[in-house]
Amino acid sequence: MLATDNPRLRVSRGKLQLKNPVLSASGTFGYGTELQDIAHPEHYGGIALKGITLKPRSGNPPPRLVEAVGGVINSVGLQNDGVQDFVEKKVIPLQSYNTTIIANINGVQLEDYWMMAEKLEGSPIDYIEINVSCPNLKEGGVEFGKSPKSIAAIVSGVRKRTTIPLMLKLTPQVTDIKEIIKAAEDNGLDIVTLINTYPAIVIDINTKKPVLGNIRGGFSGPAVKPMAINLVWEARKATKLPIVGMGGVCSWQDAVEFMLAGADAVAVGTWHFINPGIALEIAEGLMAYMDKNGFESVSEITGYTWRQYNE
Amino acid sequence: MLATDNPRLRVSRGKLQLKNPVLSASGTFGYGTELQDIAHPEHYGGIALKGITLKPRSGNPPPRLVEAVGGVINSVGLQNDGVQDFVEKKVIPLQSYNTTIIANINGVQLEDYWMMAEKLEGSPIDYIEINVSCPNLKEGGVEFGKSPKSIAAIVSGVRKRTTIPLMLKLTPQVTDIKEIIKAAEDNGLDIVTLINTYPAIVIDINTKKPVLGNIRGGFSGPAVKPMAINLVWEARKATKLPIVGMGGVCSWQDAVEFMLAGADAVAVGTWHFINPGIALEIAEGLMAYMDKNGFESVSEITGYTWRQYNE
Amino acid sequence: MIQTRAIVTNIRDLGADYFLLEVESPEIAGASKPGHFVNVLIQDSARVVLRRPIAVFDVKSNRVQLLVKSIGEGTRWISLREPGDVVNLLGPLGKGLFDKTDAKRVIMVAGGVGLAPLYYYLTYYKELNIKTVLFYGARNAKSILFQNELLELTDECVFVTEDGSLGEKGLVTDELRRYYLEHGTAEGDVVFACGPKFMLKQVVDFADAEHIECFVSLESFMGCGAGVCLSCVIPARHYSQDGDKYFKLCTDGPVINSNIIDKRYFEESYAGH
Amino acid sequence: MIQTRAIVTNIRDLGADYFLLEVESPEIAGASKPGHFVNVLIQDSARVVLRRPIAVFDVKSNRVQLLVKSIGEGTRWISLREPGDVVNLLGPLGKGLFDKTDAKRVIMVAGGVGLAPLYYYLTYYKELNIKTVLFYGARNAKSILFQNELLELTDECVFVTEDGSLGEKGLVTDELRRYYLEHGTAEGDVVFACGPKFMLKQVVDFADAEHIECFVSLESFMGCGAGVCLSCVIPARHYSQDGDKYFKLCTDGPVINSNIIDKRYFEESYAGH
Ligand SMILES: Cc1cc2nc3c(=O)[nH]c(=O)nc-3n(C[C@H](O)[C@H](O)[C@H](O)COP(=O)(O)OP(=O)(O)OC[C@H]3O[C@@H](n4cnc5c(N)ncnc54)[C@H](O)[C@@H]3O)c2cc1C
Ligand SMILES: Cc1cc2nc3c(=O)[nH]c(=O)nc-3n(C[C@H](O)[C@H](O)[C@H](O)COP(=O)(O)OP(=O)(O)OC[C@H]3O[C@@H](n4cnc5c(N)ncnc54)[C@H](O)[C@@H]3O)c2cc1C
Ligand SMILES: Cc1cc2nc3c(=O)[nH]c(=O)nc-3n(C[C@H](O)[C@H](O)[C@H](O)COP(=O)(O)O)c2cc1C
Ligand SMILES: Cc1cc2nc3c(=O)[nH]c(=O)nc-3n(C[C@H](O)[C@H](O)[C@H](O)COP(=O)(O)O)c2cc1C
Ligand code: FES
Ligand code: FES
């Protein structure tokens, strides 16, 4: 048995039911099958697919990616073939796999989210991740993620239109993440996922132009981890809902750190590019850590440190 | 003549009058004289001294510093001997230097700022930097920096009590930095300085405790640069006031990048620990860059890129 | 596609900042075809985060050869490897191009390190006994690599240097034009080109004008190298309803038929904004 | 204090992960005194941002010697330097302790790499003709460095190993106690200690009980190493009105009179929370 299937790694909190606590982060794992030679979908507790929108989108002009110290900045801008194509084609090959499937949905207007929820209802996906934190859309996207009011409207509207459990993907670029979470929880949210990328700009001092075709992009990778851990810590104060933590997860040690801070599961994003085989490594590392530290199940790690300072 | 004194590096915008655009960031340059063998105060356009408070403070329990990918996280917590000691002792040796002196003031309550302004009025400092962004205070500090209302109260209160030009040091951890800036400008602010550190936590997975004595600290260093550039870019949209940009400045190239994005001057923080002689190097690099790129004066660099996309 | 820790078996300093790295990897060697590349993990660097894409230069039984020009921190790191060192590779990546076995005459145009992806095609067409003509330009004589091997591998081989220190003086594209002026186009001609953008533009314009099928090997900033991140896109000539359309260089390329590329891509100013 | 790019003149692998690095720096060599340290810039690392503080081990005319134990990425980088390499140093840093020229007998207690800052004191007191007694403990015989030199430098020298493979078996602090039981305390005794915290605690408790003046060389996470960042603080025994009070290890130390340290610092649980 692969470590990824070990029952001690099972996550079961509220609507978050995963065979193990390692997810792929949306946008860094395509539609789940591209990397399967190295990173098999079944190594994951769940796979969040590339963000989709109501209509097809061609995404932002290149360059779409630039390196920075400790991470990368992307401005992909949700290139995708739309929700219709998603339910008709993208999801089909994934159904046979023993993992959960997460559809990451994005809107340029409020109603987009609602209409996508309708389209997804009945499709064989396990979770809808409402992304209100994409910094790469000219309209909508992260703007929705900044106000409790728009969060309430989006979540409640989606909730009415589907029975699929709901995740909400939060932007780190807010004054108070707790009020955002509360607004979402009051309106039927099941699971909190955080963080998305930080808005960032790189300027080439020779051309004197922004490097990215879209000027601004979103920063992710190892450098964001301590900030993400802080936000998981804060989120844990706001809610008892399950939390999926991400932002700079590059090793099983990072996964443990997120869980000690209060995350029920973690997602790997950028580091897929550096080490596509990371999910299995994290599962193996978690097993060894649990053995060494006397944890019977992975859920005992969740919030272990946080509780010492908050309860 | 040292590059640092070259008139082409002069900064003159509103109340920001500096012989060159390189400042030291508060908290990373002590009280100005400690590093003078390597980093002479006169190499700087201005030196922001370690943050002070109304009463002496012993600061946070150690460990106060931890490394992370692309930066450091500190929880020094404003250890200082109070404003009285500051005006009586700390400022005195600096008066003779050909540079500007910036007092960085911090409050646990609103009135602290006002009372410190009164104490500083008449002292030989050139700028007061109101720090509403320290993440290392249990009360006050960054909490004030999050709401336009408290910003308005603090800035207007300080403004009434002193004729010294006012800087406001902003936290990056806000939803909309523009509304903060507007509130400050409406109440008499002269200069915007940004960014302070990002709240961050590191947990040791072996001890299962936060590494920093104060649990949370503030993240700074090279990794924050692209996020800081983005915030300078945004700040430039909100105001025509002079902007001092900082966050990850490690080279003259970084300084140029901040200026192209809209900063009138930059400050070096964390990188003082790695390269204390950096101010002189930046000044020299700026001179060479101006020659190569046909800029007559450093002010021509400011906003060069920003204007192509915003005017 | 696999991820592997390959042992360096040899590294040769070719001068002019070029290095030929050879690693042992039976899996990648076995699966590699012309047009493929590998993604090299750069270690011990504060500035390099992403892997670096490098074309498969040649395959010798279980060994993969990479021709690398040291231009920055990542390629410099590669150039400093020593025999016995371990290099973490992801590959083979890319589409690998094989629909041109019906070519009658293959014209290769290489500028500088642009030789890297073309060399493997030359060995391939040599095996197929298809005629190849190579135009290979570089700054000076020192930067013209593998002269003997190339003379061996090709039917005709024209070296071009900017300073005239070897072969013709001038630009590789001028030699290409001159060749066609002399020999005329022929049914079944295929052009492959790799090099700086302004060179590619000339080649593509020329091939378009002469109606010659043309493939170019392009570069872009890559995240995953494997089709999952959508970072590496190049604008496509055929617009979709929705506006621009892009293809993924890593999985649709990096060697790509030039007729599917939006020509604006070749403009110097092209950066999307 | 200067910042300098010093050339490595020698590096010796001493075994057990210890390395002796020698660099040429007339300025630092000239200004260094016992108790000083340098801050070494670590290059080519994705994980190491800050400089690494390393005690001045010894000075030989224009050269500075550093004894480094490779325990992580930074010290490993130092251990991999080769003659001719350049190392960027900041120094000398620290207070450097010199008010103990009136000592009659100096007792040194070193645990493992704790030998590093004490060695230079030994050479110093040797020159002053002040009697020195060294208790030097380590895991095993291999980790006891510079045996001959130390026997030369000291008046008495007791090696202690955990496994008994060299000298006495047990803990260095037990030997310290045994020594005083035999010889008794004397006017003008001064103790210097450097090593793991639990060892320092024993030494300090003992010195307190016996009313012997005691100096310890401590470690903490340092930002600047030069007194400007307030990162490296150690709690002070004497409280201020405002609550706890701290001193800066980098400029008030790192060798510090143990009577100014808050004893809670030596508790295993001490981390401030
Ligand atoms: C599919 C593919 C195959 C390649 N094959 C080879 C090969 O066989 N041999 C070889 O030597 N190189 C090859 N390259 C180019 C190689 O990947 C880059 O030279 C390398 O990524 C540069 O990394 P660096 O860290 O050394 O330089 P950096 O420090 O990252 O960059 C140095 C300078 O080069 C510029 N630069 C970096 N990468 C690129 C790029 N991809 N396009 C344009 N400018 C860039 C940067 O903006 C910077 O100014 C290939 C690239 C691609 C996409
Ligand atoms: C004033 C001073 C003088 C020193 N002199 C010497 C010397 O002469 N020779 C020598 O070999 N070392 C000396 N040290 C210790 C040396 O600085 C550390 O070993 C080094 O910083 C570790 O860096 P690293 O990157 O190798 O390890 P890291 O990868 O940073 O750390 C490896 C492990 O060691 C722990 N660690 C790292 N630094 C410290 C520290 N300062 N205190 C406690 N735990 C730590 C980390 O938490 C981690 O678990 C001195 C330290 C100070 C403060
Ligand atoms: C290239 C790229 C594309 C991304 N696309 C999406 C997306 O479509 N939807 C989304 O919610 N997040 C997207 N993200 C954000 C990641 O899912 C993740 O939240 C973020 O990268 C932080 O995690 P990391 O530091 O592990 O990468 C993308 C990130 C990258 C690097
Ligand atoms: C050790 C340390 C102490 C700091 N103390 C203060 C302070 O007292 N007042 C303040 O406004 N900012 C303080 N800062 C923040 C810096 O002034 C600066 O805003 C921040 O570090 C970002 O710049 P950098 O990335 O160049 O370090 C401190 C930063 C560090 C690293
Ligand atoms: S590099 Fe990721 S899709 Fe091409
Ligand atoms: S290390 Fe900065 S004050 Fe001591």
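Only this structure's heavy atoms are used, side chains among them; waters, hydrogens and symmetry mates stay out. By convention in this document, chain letters (A, B, ...) are assigned in the order of the sequence lines, proteins followed by strands, and residues within each chain are numbered from 1.
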Less than 4.5 Å apart, side chain to side chain, heavy atoms only: is that true for [X] and [Y]?
{"X": "Y198(A)", "Y": "V224(B)", "result": "no"}
{"X": "P210(B)", "Y": "W233(A)", "result": "yes"}
{"X": "K209(A)", "Y": "Y309(B)", "result": "yes"}

With chain A, which of [options] has the greatest number of heavy-atom pairs at distances under 4.5 Å?
{"options": "I203(B), D176(B), V232(B)", "answer": "I203(B)"}
{"options": "N206(B), T305(B), N230(B)", "answer": "N230(B)"}
{"options": "D204(B), I201(B), N293(B)", "answer": "I201(B)"}

In Å, rounded to the nearest 0.5 Å, how long is the span from [atom1] of [X] to [atom2] of [Y]?
{"X": "E179(B)", "Y": "T175(A)", "atom1": "CD", "atom2": "OG1", "answer": "7.0 Å"}
{"X": "I229(B)", "Y": "R216(A)", "atom1": "CD1", "atom2": "CZ", "answer": "12.0 Å"}
{"X": "L260(B)", "Y": "T207(A)", "atom1": "CG", "atom2": "OG1", "answer": "9.0 Å"}

### Message
Regarding K208(B) and E257(A), does a basic nitrogen lie under 4.0 Å from an acidic carboxylate oxygen?
### Response
no

### Task
Sort Y289(A) into side chain, backbone, both or neither according to what part of it lies under 4.5 angstrom from a heavy atom of chain B.
side chain

Heavy-atom contact with chain A under 4.5 Å, split by part of [X]:
{"X": "A68(B)", "result": "side chain"}
{"X": "Q173(B)", "result": "both"}
{"X": "W252(B)", "result": "side chain"}

### Message
How close do P226(A) and I73(B) get, counting heavy atoms only, and between which atoms?
### Response
CB-CD1, 3.4 Å

### Task
For V69(B) and P222(A), work out which heavy atoms get closest and say how close.
CG1-CB, 3.9 Å

### Query
If you tally heavy-atom pairs under 4.5 Å against chain B, which of G217(A), P199(A), G221(A), G248(A) wins?
P199(A)

